[in-house]
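Below is one structure, written out as structure tokens, with a few remarks after it.
Protein chains get the first letters and strands the later ones, always in sequence-line order, with residue 1 at the start of each. Just so it is clear, the model here is predicted, and its values are computed rather than measured.
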Number of protein chains: 2
Amino acid sequence: MRIRTPIDLGALIRERRKALGLDQKTLAEKVGVSRQWIVDVEQGKPRLEIGLVLRTANALGIALTVDKPTEGTSLAQPVILDSIIDAARKRRK
Amino acid sequence: MRIRTPIDLGALIRERRKALGLDQKTLAEKVGVSRQWIVDVEQGKPRLEIGLVLRTANALGIALTVDKPTEGTSLAQPVILDSIIDAARKRRK
DNA sequence: ATATAATGTCATCGTTCGCTGACATTGGGA
DNA sequence: TCCCAATGTCAGCGAACGATGACATTATAT
């Protein structure tokens, strides 16, 4: 399933939360945000923090992935991506 | 490749921007944000707006997808969820 | 039908955002 | 080597966030 908008992601978070048998209060406690925030993200509010959104997705076992560019394009190989990410993490610290 | 944090996504955005031969100013104009915002997202700032982040990814042709849970399996196991959440809490503090 | 749980909605407040513009530093082409 | 492009960094400001708590509405269990 393709994620294009905050509404797409919010609907997925709600679906997965219900599939896991959790209510909004329980998920909020597990993620470490307010229940109001869970309401907001499930409703697809566009101005929420990307860090909290990714954390919520991770907490629900939602694996966001990016497809590799199709063969023939000149984009970077996976190993280069990994080193870029490693470098970014080092800069963060 | 798996996107877990704003830094993961920021590094990917920068890599794809360069692969497309764009500079920060050009991408900013294409997305409709400031160049400062592009600097921020590439550096993995966690508190940026999810709506702008997704719009930037879309503008670069980055397709974010979510794998469906395999048929017959129950979703993520509770113990795995708990450890992920515990890790998230430790990072937040 | 009733009671409780879950969700939706709203307001307040301290904090941070995104834009803008300027300036410093680094990268890259000639 | 030089010059310009690209990127990094910084500050001020109006607007919105996330937490909190309360209340209304809907869903669900009995």
**Study point:** Position toward the 5' end of DNA chain D (nearest nucleotide), A/Glu49 or B/Lys25
**Key:** B/Lys25

Practice item. Establish, with yes or no, whether the OP1 or OP2 oxygen of C/dT7 is under 4.0 angstrom from a side-chain nitrogen or oxygen of A/Gln43. Key: no

**Study point:** Rounded distance (Å) that lies between atom P of D/dA5 and atom CG of B/Leu22
**Key:** 17 Å

Point to revise | Transitive ILVMFWY side-chain link A/Ile62 to A/Leu22, under 4.5 Å | key: yes

Check your understanding: So, the side chain of B/Lys30 versus the backbone of B/Ala59: is there a donor-acceptor pair under 3.5 Å, distance only?
Key -> yes

Point to revise | Between D/dG8 (C1') and B/Trp37 (CH2): distance, integer Å | key: 17 Å

**Study point:** Verdict with reasoning, B/Thr56 to B/Trp37, per side chain to side chain contact (heavy atoms under 4.5 Å, CB included)
**Key:** CA-CA 10 Å; B/Thr56 304; B/Trp37 195 88; 3.1 Å; yes

Check your understanding: Looking at the side chain of A/Arg47, which of D/dA16, C/dG18, D/dG8 is the nearest nucleotide?
Key -> D/dA16

Revision key, fill the gap. Assert: residue with more 5' nearest nucleotide on DNA chain D, out of A/Leu48 and B/Lys18, is B/Lys18

Point to revise | Polar side-chain contact B/Arg35-D/dG8 base: donor and acceptor under 3.5 Å | key: yes

Revision key, fill the gap. When rounded to the nearest 0.5 Å, the distance separating CD1 of B/Ile50 from CG of A/Leu54 is 6.0 Å

Practice item. Quick one: closest heavy-atom pair of A/Gly32 and A/Arg55, and the distance? Key: O-NH2, 4.0 Å

Exercise for review: Side chain of A/Ser34 only, please: which of C/dC17, D/dT20, C/dC19 is the nearest?
Suggested key: D/dT20

Check your understanding: Can you tell me how far P of D/dA29 sits from CG of A/Asp23, to the nearest Å?
Key -> 13 Å

Point to revise | Separation of D/dG18 P from A/Leu52 CG (nearest whole Å) | key: 6 Å

Point to revise | Protein-nucleotide distance (B/Lys45, atom NZ; D/dC10, atom C1'), rounded to Å | key: 12 Å

Exercise for review: Have a look at the helix from C/dA1-D/dT30 to C/dA30-D/dT1 and give the angle its two end axes make, five pairs each, rounded to 10 degrees.
Suggested key: 70°

Exercise for review: For the pair A/Leu64 and B/Val66, evaluate side chain to side chain contact (heavy atoms under 4.5 Å, CB included) and give the outcome as yes or no after the intermediate values.
Suggested key: CA-CA 5 Å; A/Leu64 284 172; B/Val66 175; 3.5 Å; yes

**Study point:** Atom pair distance, as rounded to whole Å: CD1 in B/Ile38 and P in C/dC17
**Key:** 16 Å

Point to revise | Contacts of A/Glu42 that satisfy salt bridge (charged side-chain N to carboxylate O under 4.0 Å, His left out) - sequence neighbours left out | key: A/Arg14, A/Arg17

Point to revise | Euclidean distance, atom CD1 of residue A/Ile50 to atom P of C/dT16 [Å, nearest integer] | key: 19 Å

Point to revise | Between C/dG27 (C1') and B/Arg17 (CZ): distance, integer Å | key: 13 Å

Practice item. Indicate, yes or no, whether a donor-acceptor pair under 3.5 Å links the base of C/dC17 to the side chain of B/Gln36. Key: no

